[in-house]
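Everything below concerns the one structure shown next.
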Amino acid sequence: MSQKLCNECILHTDSEICLRNQGLESLHNHCSKVKFNPGETIFKENAINAGVVYLKSGLVKIHTCTQAKDRILRLTKAPSYLCLPSSLGASVNRFTATALEPTEACFIELSTFRQLIVENGDFAYQIITALSQREMNNFHVSLNLGQKQANGRVADALLYLANDIYENDSFVIPFSRQELGDWIGVTRESISRILAEFNATGIIRQEGREISILNKELLEQISEKG
DNA sequence: ACATTAACGGAGA
DNA sequence: TCTCCGTTAATGT
């Protein structure tokens, strides 16, 4: 991996920042790229932090496996930093990250990342902006789970996958019904029932894990009304 | 309105 | 074979 590639992708940057990082040892000496297949764990909760992880490509779930029940907190799509609050805020991972699709991840030494933040205000600003957006997204998720009924949550999840993850109204759900339930707090039986209901009323077309949203307006209404 | 439980067939290891 | 997955139906809160 060349330094130019790192600067373009990890720093999201322009030549200005590159110039300011002349003093920094080339980034690729502090960075390694790893490929993961679906189902492979990128980092595990209760393990010592391996540093900061940047997602170059792919899709990952952040989840926690304590007390026998899996709980999915969020999906993270590349390009993005993977669960920074867990990496920066604690010496031990508080969550597990598992690839859902073929994924490339770059591991960056924490000291290197810290140096980039300290020396590049605009890079730091980008990070803060990204964290702020996630915070707002968390509010939405909280509202979704707190005051919506199951069909509203399922509708929300489908809209999220279509709008934010795949940017297409037809997509393949990247995990099982069980995991979908773990994500939005609904049992897998209810997921089955609700998807079958949506399918029967013509809101979606469902075939296994393949989903096509046919009536987006109605789906949005269901999501709003809960 | 949902969860829970049970039961079934199918897929995959 | 055993285990996970998706689905349906009956029953309980």
Side-chain angles (χ1 to χ4, degrees), chain A residues 34-47 58-78 82-83 93-105 137-226:
Chain A
V34 183
K35 290 183 180 179
F36 294 91
N37 292 319
E40 286 188 318
T41 301
I42 296 173
F43 58 74
K44 207 164 186 176
E45 63 190 296
N46 300 324
L59 184 67
V60 173
K61 66 171 177 179
I62 305 294
H63 56 125
T64 174
C65 308
T66 50
Q67 55 191 211
K69 298 210 169 184
D70 207 34
R71 187 83 181 85
I72 297 178
L73 295 156
R74 166 199 300 153
L75 308 184
T76 300
K77 183 181 75 161
L82 186 56
C83 207
N93 292 326
R94 293 177 56 190
F95 304 105
T96 302
T98 303
L100 293 173
E101 293 175 354
T103 292
E104 288 178 299
N137 185 52
N138 282 342
F139 292 161
H140 176 255
V141 169
S142 183
L143 284 176
N144 186 29
L145 273 80
Q147 52 186 212
K148 277 182 190 171
Q149 294 179 343
N151 57 355
R153 296 186 208 172
V154 173
D156 226 53
L158 295 178
L159 289 170
Y160 174 75
L161 288 171
N163 294 336
D164 295 357
I165 299 294
Y166 294 106
E167 298 173 26
N168 192 319
D169 286 352
S170 296
F171 54 89
V172 178
I173 298 178
F175 37 50
S176 68
R177 307 289 149 110
Q178 178 72 63
E179 290 174 291
L180 179 56
D182 293 338
W183 183 27
I184 61 178
V186 175
T187 60
R188 78 180 203 274
E189 294 92 333
S190 293
I191 301 278
S192 272
R193 187 170 37 78
I194 290 166
L195 285 181
E197 188 184 319
F198 285 177
N199 192 47
T201 49
I203 300 171
I204 64 169
R205 198 179 62 79
Q206 171 224 0
E207 228 179 281
R209 294 187 180 181
E210 294 178 18
I211 298 283
S212 295
I213 296 178
L214 301 179
N215 190 339
K216 204 166 189 174
E217 286 186 10
L218 194 47
L219 202 58
E220 283 163 351
Q221 283 179 25
I222 292 170
S223 168
E224 284 167 18
K225 289 179 182 173

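Labels below follow one simple rule: chain letters A, B, ... track the order of the sequence lines, proteins then strands, and each chain is numbered from 1.
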Handout entry: Stepwise side-chain contact (heavy atoms from CB on, under 4.5 Å) check, A:Lys61 with A:Glu179
Key = CA-CA 10 Å; A:Lys61 66 171 177 179; A:Glu179 290 174 291; 2.5 Å; yes
Practice task
Using atom CD1 of A:Ile194 as one end and atom C1' of C:dT8 as the other, report the distance to the nearest whole Å.
Solution key: 15 Å
Fill in the blank from the handout: A:Ile184 atom CD1 is separated from B:dA3 atom C1', nearest whole Å, by 14 Å
Handout entry: Touch class at under 4.0 angstrom, heavy-atom based, for A:Ser176 against every strand present
Key = sugar-phosphate
Practice task
Find out whether A:Arg209 and A:Ser176 are in side-chain contact, i.e. whether some heavy atom of one side chain is under 4.5 Å from a heavy atom of the other.
Solution key: yes
Practice task
Find the distance between CD1 (A:Ile173) and CD1 (A:Ile191) and round it off to the nearest 0.5 Å.
Solution key: 8.5 Å
Practice task
Grab the CG-C1' distance between A:Asp70 and C:dC5 for me, whole Å please.
Solution key: 15 Å
Exercise for the section: Give one of base, sugar-phosphate or nothing for A:Glu179, where a contact means two heavy atoms less than 4.0 Å apart. Expected result: nothing
Problem - Euclidean distance, atom CZ of residue A:Arg177 to atom P of B:dA3 [Å, nearest integer] - result: 16 Å
Problem - Closest nucleotide among B:dT5, B:dA3, C:dT7 to the A:Glu189 side chain - result: B:dT5
Practice task
For A:Glu207 and C:dG6, give me the distance from atom CD to atom P, rounded to whole Å.
Solution key: 15 Å
Practice task
Name the orientation class of the two ring planes belonging to A:Phe171 and A:Tyr166 (parallel below 30°, tilted from 30 to 60°, perpendicular beyond 60°).
Solution key: parallel
Handout entry: A:Gln206 side chain near C:dT7 phosphate (N/O to OP1/OP2, under 4.0 Å)
Key = yes
Completion exercise
Judged by nearest nucleotide, the residue sitting upstream toward the 5' end of DNA chain B, A:Arg188 or A:Gly185, is A:Gly185
Practice task
Please state whether the phosphate of B:dA3, meaning OP1 or OP2, lies under 4.0 angstrom from any side-chain nitrogen or oxygen of A:Ser190.
Solution key: yes
Fill in the blank from the handout: In whole angstroms, the gap separating C1' of B:dA1 from CZ of A:Arg153 amounts to 11 Å
Practice task
Report the distance from atom CZ of A:Phe175 to atom P of C:dG6, rounded to the nearest whole Å.
Solution key: 11 Å
Practice task
Ignoring backbone atoms, establish whether A:Arg193 has a side-chain N or O less than 4.0 Å from OP1 or OP2 of C:dT8.
Solution key: no
Practice task
Check whether any side-chain N or O of A:Arg209 sits under 4.0 Å from OP1 or OP2 of C:dC5, and answer yes or no.
Solution key: no
Exercise for the section: Enter the distance from A:Phe43:CZ to A:Thr98:OG1 here, rounded to the nearest 0.5 Å. Expected result: 9.0 Å
Handout entry: Nucleotide C:dG6, atom C1' - distance to CD1 of A:Ile191 in whole Å
Key = 12 Å
